[in-house]
Amino acid sequence: MEINHFISKNSNSPIAFQTRWEAPSNIALIKYWGKTEPQIPKNPSLSFTLSSSVTKTEVIFTPKSEASFDFEFSFEGVLKPDFHPKLNTFFERIKQYSPWLDSYSLKIDSSNSFPHSSGIASSASAMAALSLCIMDMEKELFPEFESELFIKKASFLARLGSGSASRSIEGPVTFWGKNSSRKESSDLFATPFGQNLHNVFKDYQDTILLVDKGSKPVSSTQGHQLMFDHPYATSRFIQAEQNLNTLASIMETGDLDGFIKIVESEALSLHAMMMTSNPYFILMQPQTLEIIQKIWQFRKETQIPICFTLDAGANVHLLYPMNTKPKVHSFIDDVLAGFCQNRQYLTDSVGTGAKKM
Ligand code: PMV
């Protein structure tokens, strides 16, 4: 699908409309780090869509007499003008694809299921939920809309808000970025893994160990930027694509040892890029490393196939198959919680994607 498939018609009969969508967060197993304008990834990525960590967004669309788009954003009912710059950039990028927006005023209200400032990035779930509300309105204006285009354009718009948000529309596993293991893959939107996903990954568990709930010293926008003249960028982009191809076949066979090797290597490669940027930076905390050591020790002693991945932050995502849950939960409570801020962690699992509420 080419970029011009995403340009909608304009509408000459504006209508009032209200809609509410819930979209999940996602955790990348193959990491996207480095992009070009407009939000085109330098390498393909693959992620687990989560289930409990979601953003719920309601949008009220009110027609305006003169063409001059505006919006108001509130979080849990409280107006948040500090979110306007990011949203302005998003709307500026998407208006060429949904030009009817110019005849509306939008009232947006969002809330997250996960605790506020828990260090969990909400931009993926937030941009996905907002994009679905916009697409729902577009479908209302143009009822002939095909459902396949609805999903793809929602992912396409979400990508323009935050790259990883493109992967928060569908589940349980999605690809984003052109790659040789999926001919339908695209840099413009995410696509689902497909029929061949091994059952073990359909209800995989993710416990997010909250090491640091503060804001990050370097944002992911700055981090992506630093990949431009990074000495290892070219080899990192090649490595990510190779890892993605290998992981895509592993996720069909269910080889958990192979899964662990790639997933942990990807997490550490992402952080290695941060540590070797100019300027260099470290987002891990001492507890991040202590948790990693404890995970390795537990895996060695018990042969239970748990592993970790990291986002652009200090928190650790502990990944494990559903059938190991009782033993892993005891390990979390007895050992890992002690390294978390106020012993806090979030229990989540792989999910099926966004829903209309
Ligand atoms: O979507 P962004 O621009 O916030 O970047 C996300 C980058 C990582 O979370 C580190 C990796 C990924 O693929 O989600």
Side-chain angles (χ1 to χ4, degrees), residues 23-50 53 55 83 85-87 89-90 93 119-131 155-171 173-179 185 187-191 206 208 212 215-228 230 233 236-237 239-241 243-244 247 262-275 277 281-284 288 308-317 319 348 350:
S25 183
N26 71 73
I27 179 69
L29 304 176
I30 303 293
K31 310 289 182 182
Y32 143 65
W33 198 242
K35 63 176 170 182
T36 53
E37 281 293 323
Q39 305 276 91
I40 299 298
K42 293 292 281 180
N43 66 261
S45 56
L46 178 152
S47 54
F48 273 148
T49 301
L50 296 181
S53 309
T55 297
F83 283 76
K86 186 152 182 153
L87 286 166
T89 307
F90 171 66
R93 284 184 185 147
I120 301 296
S122 62
S123 61
S125 51
M127 288 300 179
L130 177 57
S131 300
S155 172
F156 173 93
L157 296 181
R159 178 196 112 241
L160 292 169
S162 170
S164 55
S166 64
R167 302 186 311 241
S168 271
I169 307 289
E170 293 184 275
V173 173
T174 64
F175 288 93
W176 169 45
K178 192 73 199 144
N179 66 80
S185 60
D187 285 346
L188 302 178
F189 52 86
T191 46
D206 178 8
I208 308 159
D212 188 357
S215 65
K216 292 181 280 185
V218 178
S219 70
S220 57
T221 308
Q222 292 165 304
H224 286 292
Q225 201 64 30
L226 293 173
M227 288 304 279
F228 263 111
H230 194 292
R236 164 61 198 152
F237 302 142
Q239 177 205 35
E241 168 134 33
N243 280 346
L244 178 127
L247 191 64
I262 301 268
V263 168
E264 292 190 342
S265 162
E266 272 292 308
L268 295 178
S269 298
L270 168 71
H271 283 257
M273 288 302 108
M274 299 170 185
M275 291 191 255
S277 299
F281 60 104
I282 303 181
L283 296 183
M284 290 187 280
T288 313
F308 72 86
T309 189
L310 306 167
D311 219 334
N315 298 331
V316 180
H317 287 249
L319 304 175
D348 211 330
V350 167

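If you're wondering where the values come from, they're calculated on a predicted model, not measured in any experiment. Any value given below was found using the heavy atoms of this structure, including those in side chains, with hydrogens, waters and symmetry copies removed. Order of listing sets the numbers, starting from 1, for every ligand and every atom in it.
- With respect to atom 11 (C) of ligand 1, the closest heavy atom belonging to the protein is Tyr32 O, 3.4 Å.
- Counting only heavy atoms of the protein, atom 9 (O) of ligand 1 lies nearest to Asp311 OD1, 2.8 Å.
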Side chain to side chain contact (heavy atoms under 4.5 Å, CB included) assessment of Ser269 paired with Arg236: CA-CA 8 Å; Ser269 298; Arg236 164 61 198 152; 3.9 Å; yes
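- The His224 neighbourhood of ligand 1 comprises atoms 2 (P), 3 (O), 5 (O), with distances under 4.0 Å to a heavy atom of that residue.
- Note: Arg167 CZ to Tyr32 OH = 9.0 Å, rounded to the nearest 0.5 Å.
- For NZ of Lys42, the number of neighbouring non-hydrogen atoms (other residues, nucleotides, ligands) closer than 6.0 Å is 12 at most.
- Every ring pair (Phe, Tyr, Trp, His ring centres under 6.0 Å) that Phe189 has, sequence neighbours left out, goes to Phe6.
- Comparing Glu266, Lys31, Arg167 by heavy-atom distance to atom 12 (C) of ligand 1, the nearest is Arg167.
- Less than 4.0 angstrom separates some heavy atom of Gly163 from each of these atoms of ligand 1: 1 (O).
- At a heavy-atom cutoff of 4.0 Å, ligand 1 is contacted by no atom of Lys35, backbone or side chain.
- Residue-to-ligand polar distances place Ser164 within reach of ligand 1: an N/O pair is separated by less than 3.5 Å.
- The 12-atom threshold is not exceeded at CD1 of Ile282, counting heavy atoms of other residues, nucleotides or ligands nearer than 6.0 Å.
- Each of the atoms 12 (C), 13 (O), 14 (O) of ligand 1 lies under 4.0 Å from some heavy atom of Ala28.
- In terms of polar-atom proximity, defined here as any N/O pair under 3.5 Å, Ser162 does make such a contact with ligand 1.
- Among the atoms of Asn26, none of the N or O lies under 3.5 angstrom from an N or O of ligand 1.
- Of all heavy-atom pairs spanning Leu160 and Arg93, the tightest one is O-NH1, 2.6 Å.
- Proximity of a side-chain donor or acceptor of Asp206 to a complementary backbone N or O of Asp348 within less than 3.5 Å is not detected.
- Cation-pi geometry between Arg159 and Phe156 is satisfied (NZ or CZ under 6.0 Å from the ring centre, within 45° of the ring normal).
- Of the protein's non-hydrogen atoms, the one nearest atom 4 (O) of ligand 1 is Ser220 OG, 3.0 Å.
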